[in-house]
Amino acid sequence: MENGFGHLLNYIMDIKELIGIIDKDLSPIGFKRKNKNWFFENLELIKNVELQKSNYSNLYYLNYGFIIKEINVDSKSRHVFNQLGGSTTQEKAFVKEFLDLESKNSKDIDFFEDYLNRNLIYYLNKINTTDDLKKHIINDLPDLDMIPFVVKEYFNIPIGPEL
């Protein structure tokens, strides 16, 4: 069924459909999928997107982040990370509802893809070097306490109240 926004699903979406929707947006920008993870690697960074299942329901979270290759770390740890959510209560509710595979409410695929492109894909395309990542940390992240010490040290970002 379709509405003013686009393609609506009126049934419970399964994980394969959700992976397909995300993969459709990440593959064209060079991301390779392995299970519920997508990776893109260049000379300085590894970009990662992960579809994480809740331990309590069939709700998923879309985590994303960056690994700085010059900092020695295992490939599962992101140095800078975030979770697709929303800046407003309405956006947060929409993302949570869309990623809840138990929800029987209609799912607006086109609106979700648009939201994904305006938020997640935008940042993934914008950040391609460690300099880009440093600018993102300083200018876009509301809470520098979420940044690991090793990353602050690498970028010479002041630690503590001297900011």
Side-chain angles (χ1 to χ4, degrees), residues 15 18-19 21-101 103 108 110-163:
I15 186 62
L18 181 56
I19 288 172
I21 291 166
I22 297 166
D23 197 51
K24 180 179 153 191
D25 289 322
L26 291 176
S27 291
I29 60 170
F31 277 76
K32 303 295 180 206
R33 182 173 69 86
K34 183 176 181 182
N35 299 320
K36 296 177 194 150
N37 285 278
W38 290 262
F39 297 93
F40 177 88
E41 186 172 345
N42 65 26
L43 293 174
E44 298 180 35
L45 299 171
I46 299 171
K47 303 176 189 184
N48 170 242
V49 177
E50 171 199 27
L51 191 57
Q52 175 193 359
K53 187 179 184 309
S54 167
N55 291 331
Y56 305 103
S57 68
N58 211 11
L59 173 68
Y60 283 82
Y61 306 100
L62 199 55
N63 305 317
Y64 61 97
F66 304 87
I67 299 167
I68 301 166
K69 291 172 84 172
E70 286 187 6
I71 299 175
N72 189 15
V73 70
D74 69 81
S75 64
K76 292 186 178 189
S77 299
R78 295 178 206 96
H79 291 116
V80 180
F81 49 89
N82 207 338
Q83 191 172 81
L84 187 68
S87 55
T88 67
T89 305
Q90 186 178 6
E91 286 178 346
K92 288 176 188 174
F94 171 77
V95 170
K96 184 178 179 184
E97 181 76 28
F98 192 89
L99 296 175
D100 183 356
L101 301 187
S103 170
D108 189 333
D110 292 337
F111 189 78
F112 180 75
E113 286 180 338
D114 180 61
Y115 183 81
L116 205 62
N117 278 292
R118 285 183 287 112
N119 293 277
L120 176 65
I121 305 298
Y122 170 78
Y123 280 109
L124 294 174
N125 281 330
K126 179 180 166 184
I127 300 168
N128 294 297
T129 66
T130 52
D131 286 340
D132 294 341
L133 185 58
K134 181 178 181 180
K135 288 175 192 167
H136 171 67
I137 291 169
I138 293 170
N139 298 327
D140 300 331
L141 297 183
D143 186 3
L144 290 180
D145 290 339
M146 295 296 295
I147 304 300
F149 175 76
V150 68
V151 174
K152 290 178 186 174
E153 189 175 59
Y154 177 82
F155 286 131
N156 294 316
I157 295 173
I159 298 160
E162 64 270 10
L163 285 173

Rounded distance [0.5 Å steps], [atom1] in [X] versus [atom2] in [Y]:
| X | Y | atom1 | atom2 | value |
| --- | --- | --- | --- | --- |
| N119 | S87 | CG | OG | 7.0 Å |
| D132 | L45 | CG | CG | 8.0 Å |
| K53 | L99 | NZ | CG | 12.5 Å |
| I138 | I157 | CD1 | CD1 | 4.5 Å |
| K134 | N139 | NZ | CG | 10.5 Å |
| L116 | L84 | CG | CG | 6.0 Å |

Testing the basics here: between D140 and K126, what is the closest heavy-atom pair and its distance to 0.1 Å?
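Shortest heavy-atom separation between D140 and K126 comes out as OD2-NZ, 3.2 Å.
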Quick one: closest heavy-atom pair of I46 and E41, and the distance?
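For I46 and E41, the tightest heavy-atom pair comes out as CG1-CG, 3.8 Å.
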Any donor and acceptor pair, going by atom type alone, linking the side chain of [X] with main-chain N or O of [Y] inside 3.5 Å?
| X | Y | answer |
| --- | --- | --- |
| K152 | L144 | yes |
| H79 | I68 | yes |
| N117 | E113 | yes |

Tell me, do T130 and E70 make a side-chain contact under 4.5 Å, heavy atoms counted?
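They are not in side-chain contact.
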Just so I know, are the side chains of Y123 and N82 near enough to count as touching, which here means a heavy-atom distance under 4.5 Å?
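The answer is no; the side chains never approach within 4.5 Å.
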Can you give the donor-acceptor pairs under 3.5 Å from side chains of residues 30-38 to other protein atoms, not counting sequence neighbours?
| residue | atom | partner | partner atom | Å |
| --- | --- | --- | --- | --- |
| R33 | NH1 | N35 | O | 2.9 |
| W38 | NE1 | D23 | OD1 | 2.8 |

Under a 3.5 Å threshold, yes or no: a donor from one side chain and an acceptor from the other, between K47 and N42?
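Note: K47 and N42 side chains miss the donor-acceptor criterion.
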Would you list the pairs meeting ring pair (Phe, Tyr, Trp, His ring centres under 6.0 Å) in which at least one residue belongs to residues 46-70, sequence neighbours left out?
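Not a single pair qualifies under ring pair (Phe, Tyr, Trp, His ring centres under 6.0 Å).
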Using a strict threshold of under 4.0 Å (side-chain N to carboxylate O), is an ion pair present between D114 and R118?
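Yes.
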Can you list the steps and then say if L133 with Y154 is a side chain to side chain contact (heavy atoms under 4.5 Å, CB included)?
CA-CA 12 Å; L133 185 58; Y154 177 82; over 6 Å; no
For the pair F94 and F112, name the ring-plane relationship: parallel under 30°, tilted 30 to 60°, perpendicular over 60°.
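Tilted, since the angle between the ring planes falls between 30° and 60°.
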